[in-house]
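Report on the following structure.
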Amino acid sequence: MDDKFIKELRKISRDDRRRSEFMIQGMKETLQERKEEGLVKRWMRRRKTKKNISQRFSSDTSSSHK
C-alpha cells in the first residue's frame, strides 16, 4: 500500500462503509502487485521478513523475565 492510499484511508471515518470497501480494494491491489512480482523480488522480500523476525525473537537478546 502506498502513501496515497494511507492518507485517503485516514480521511475516511471508521464508521463509514466506504472505509472497509476501500481497505479491501487496497489489499486486493497489494496482493495483485505481489503476485506479478518476479521470482527474485519475492524471494528477497520473504528473506528480509524472515531475517527481521528471527532477529526480533532471537535468544541472544537480553530480556528481563521475572
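All values below come from the heavy atoms of this structure, side chains included, with hydrogens, waters and symmetry mates left out.
- Taken to the nearest 0.5 Å, the CZ atom of Phe22 stands 9.5 Å off from the NZ atom of Lys11.
- Annotation: side chain of Glu33 is not in contact with side chain of Glu36 (no heavy-atom distance under 4.5 Å).
- Interatomic distance, Glu37 CD to Gln32 CD, rounded to the nearest 0.5 Å: 11.0 Å.
- Between Gln25 and Glu21, the side chains place no donor N or O within less than 3.5 Å of an acceptor N or O (distance only, hydrogens not considered).
- Of the options Ile24, Leu31, Thr30, a side-chain contact (heavy atoms from CB on, under 4.5 Å) to Lys28 is made by Ile24 and by none of the others.
- Going from atom NZ of Lys41 over to atom CZ of Arg34 covers 10.5 Å, rounded to the nearest 0.5 Å.
- Partners of Arg18 by salt bridge (Lys or Arg N to Asp or Glu O under 4.0 Å), not counting sequence neighbours, listed by chain and number: Asp16.
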